[in-house]
2 protein chains.
Amino acid sequence: MESVAAAARGRRPEEVKSAARVLEVLELLGAEGARLSLAEMAGAMAVPKSSLHAILRTMEARRWVDLDPSGTRYSLGLKALLTGTAYLEGDDVASLAGPVLDALAEETGESVHLGRLDGTDVVYLAKRESRHALRMYSAVGRRLPAHATALGKAMLSQYDAAEVRMRLNWPLERLTPDTVTDPEALLGQLAEARLRGWAMDDGENSPDIRCVAVALGTGQGGGDAISCSAPKSRMDDARAEEVARAVTEAAHSLGTLLKRLGQH
Amino acid sequence: MESVAAAARGRRPEEVKSAARVLEVLELLGAEGARLSLAEMAGAMAVPKSSLHAILRTMEARRWVDLDPSGTRYSLGLKALLTGTAYLEGDDVASLAGPVLDALAEETGESVHLGRLDGTDVVYLAKRESRHALRMYSAVGRRLPAHATALGKAMLSQYDAAEVRMRLNWPLERLTPDTVTDPEALLGQLAEARLRGWAMDDGENSPDIRCVAVALGTGQGGGDAISCSAPKSRMDDARAEEVARAVTEAAHSLGTLLKRLGQH
DNA sequence: CAACGTCATTCGGTCTTCTGAACGGTTAAT
DNA sequence: ATTAACCGTTCAGAAGACCGAATGACGTTG
């Protein structure tokens, strides 16, 4: 008894338990397709059913989660809609990026993304879909490990090797056979990206997709980057360089817009 | 002492306090522009600063809220992005509506919305912007009182008068000089909308904007509707009828898609 | 320069939530 | 029909969050 209490007292309770659990529920329902039962969620979160039950009732009363007609499966509720779009509206980069992304998507004809580095992950802030039938899957708000994406490598290449070693989670997670997991190989790619000004991903997070990305100059909050993705069949090396020029130009023009905004 | 405890015991604690507060924080930061200090939020929510402090620390650690460099103003964090888009992805209506809205926006050249009834409010699920320079402001996730929007009236017109009287909050809130707040006038408009198949809003939530809406046949979850909005200068009565035909057609084709999905 | 206003933050006693086991309901398989 | 395996839900003891006042750190104003 004593030892457990002492251990718990040792580290300050920096977290409010039920607050953290509310957030975990939202992350879980957001990540998985949704449609989870209370017992499934309790299992996934390693939380007693009875505790989660009270929390879900609170969330349901406020319409942050919905309950199936059957009363047994939870999904995100209508109130959850508000937060995502509100984040984007309040963000300078995301709200200025719209026209720039439109133009880049128009020029290249391929899928275009704006991403932000968050810890070891890249988060998609905005996208424009390719007009081709064959295109990559992605969604605003979704995360991928930074080391396996062009966006992530473009942003990581702004830091020096020591900093990169500290920021990433070693060993690196493997998503496809082509994911770069060797530290030296990754640092080599980052150095190369720094020199030439753009980064590339060659089937490292989804097979058959190649992607080219350029970081925005503004080091604001860890960094943002713009990318352009296409199936390998439409992105050979020559085409990649061509696309890289267009992406660089887009990143530069967005960077200029942001600087102008910063000076009022 | 006893009386307070007894009163508290009388009603079951249906809500987990800190869970509810987390949600309130998200709603507050989502609704206001954001950038609120701890003291401001504590004031707005009628919660002690010290209690809110612990909750905000939890939310910040998990990146659901961000703290200014100055360390004194909170805004929504990156994790908040996930929920909104995930809700839309998991929703059959919203995910099927894309092409239908595209076509309607193309055909009319005006702003087009998909909305859902939630209590007394309409929530925007998706939008397509007008190609005209002069256009209405709106955002996915935002709410407006149902009685002051074409979308809301289209959905309310599916219920009978008694049900409508129960569902709305009386007296009706006034948003503009033209907002209909008289019960009989509103019920009259709903009856008219039911007969002709579409509802109209004439500057009732934003001055100078007219809007035409049609409910989807599927009574699924309170109801959804599609609308088309334009400044009065581009939407006289004749044009409104023309637009109503196009919106009706779009609503019908989306309804058909949904029925097909329902039958597998 | 000092006094003030505002801000986030800490601290211990009290009250709430959390918890694990038991309950009643529904569906599926035997 | 009976069993079994889920589901959500309840309850009283135990653990932890909540609260108000006091503190420290700013930046601003007189």
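Note: hydrogens, waters and symmetry copies are ignored here, and every other heavy atom, side chains too, is used. In what follows, chains are A, B, ... by sequence order, proteins preceding strands, each numbered from 1.
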>> Checking B:T179 against B:E173 for the side chain to side chain contact (heavy atoms under 4.5 Å, CB included) test, could you report, in this order, the C-alpha distance in whole Å, the side-chain angles of both residues, the deciding distance, and whether it holds?
In response: CA-CA 8 Å; B:T179 306; B:E173 185 186 356; over 6 Å; no
> If you look at every heavy atom in B:G77 and A:Y87, which pair is closest and at what distance?
Replying inline: O-CD1, 3.3 Å
> Which distance, rounded to the nearest 0.5 Å, do you find between the CG of A:L216 and the CG of A:D224?
Replying inline: 5.5 Å
>> On a heavy-atom basis, which atom in A:G30 and which in A:R142 lie closest, and how many Å separate them?
In response: O-NH2, 3.1 Å
> In whole Å, what is the span from the CG atom of A:L56 to the P atom of D:dC7?
Replying inline: 13 Å
>> Could you check whether any side-chain heavy atom of B:L26 comes within less than 4.5 Å of a side-chain heavy atom of A:L26, counting everything from C-beta outward?
In response: yes
Enumerate the protein-to-nucleotides 26-28 of chain C contacts in which both atoms are nitrogen or oxygen and the separation is below 3.5 Å.
none

> Rounded to whole angstrom units, what separation is found between the CD atom of A:E15 and the C1' atom of C:dT17?
Replying inline: 17 Å
Anything under 3.5 Å between a protein N or O and an N or O of nucleotides 18-21 of chain C, put it in a table, one pair a line.
residue, atom, partner, partner atom, Å
C:dC18, OP1, A:S18, OG, 2.6
C:dT19, OP1, A:R21, NH2, 2.8
C:dT19, OP2, A:R21, NH1, 2.5
C:dT19, OP2, A:R21, NH2, 3.2
C:dT19, OP2, A:S51, OG, 2.4
C:dG20, N7, A:S50, OG, 2.9
C:dG20, O6, A:S50, OG, 3.0

> What's the shortest heavy-atom distance between B:A154 and B:A225, and which atoms?
Replying inline: CB-CB, 4.4 Å
> Is the shortest heavy-atom distance from the side chain of B:R165 to the side chain of B:L187 under 4.5 Å?
Replying inline: yes
> With B:Y74, which of B:L38, B:V25, B:D66 fulfils side chain to side chain contact (heavy atoms under 4.5 Å, CB included)?
Replying inline: B:L38
>> I need the CG-P distance between B:L67 and C:dC7, as an integer number of Å.
In response: 14 Å
> Over how many whole Å does the gap from A:R57 atom CZ to D:dC11 atom C1' extend?
Replying inline: 12 Å
> For A:T85 and B:G141, which heavy atoms make the closest approach, and how far apart are they?
Replying inline: OG1-CA, 4.4 Å
>> Let's test your reading of the pairing rules: Watson-Crick or G-U wobble, both distances under 3.5 Å, then write DNA chain C as a dot-bracket string with ( ), [ ], | and dots.
In response: |||||||||||||||||||||||.|||.||
> If you take all heavy atoms of B:V122 and B:T149, which pair is closest and at what distance?
Replying inline: CG2-OG1, 3.6 Å
>> Is the phosphate of C:dT6 approached by B:R73 (side-chain N or O, under 4.0 Å from OP1 or OP2)?
In response: no
>> If you define the side chain from C-beta out and look only at heavy atoms, does anything of B:H252 sit under 4.5 Å from B:V214?
In response: no
>> Measure CG/A:L36 against C1'/D:dC6 and give the value in whole Å, please.
In response: 16 Å
> Between atom CE in B:M45 and atom C1' in D:dC19, what is the gap in whole Å?
Replying inline: 15 Å
> How long is the line joining CD of A:E40 and P of D:dC7, in whole Å?
Replying inline: 7 Å
> Taking only side-chain nitrogens and oxygens of A:H53, does any of them come within less than 4.0 Å of OP1 or OP2 of D:dT9?
Replying inline: yes
> Whole Å only: how far is the CG atom of B:L38 from the P atom of C:dT10?
Replying inline: 12 Å
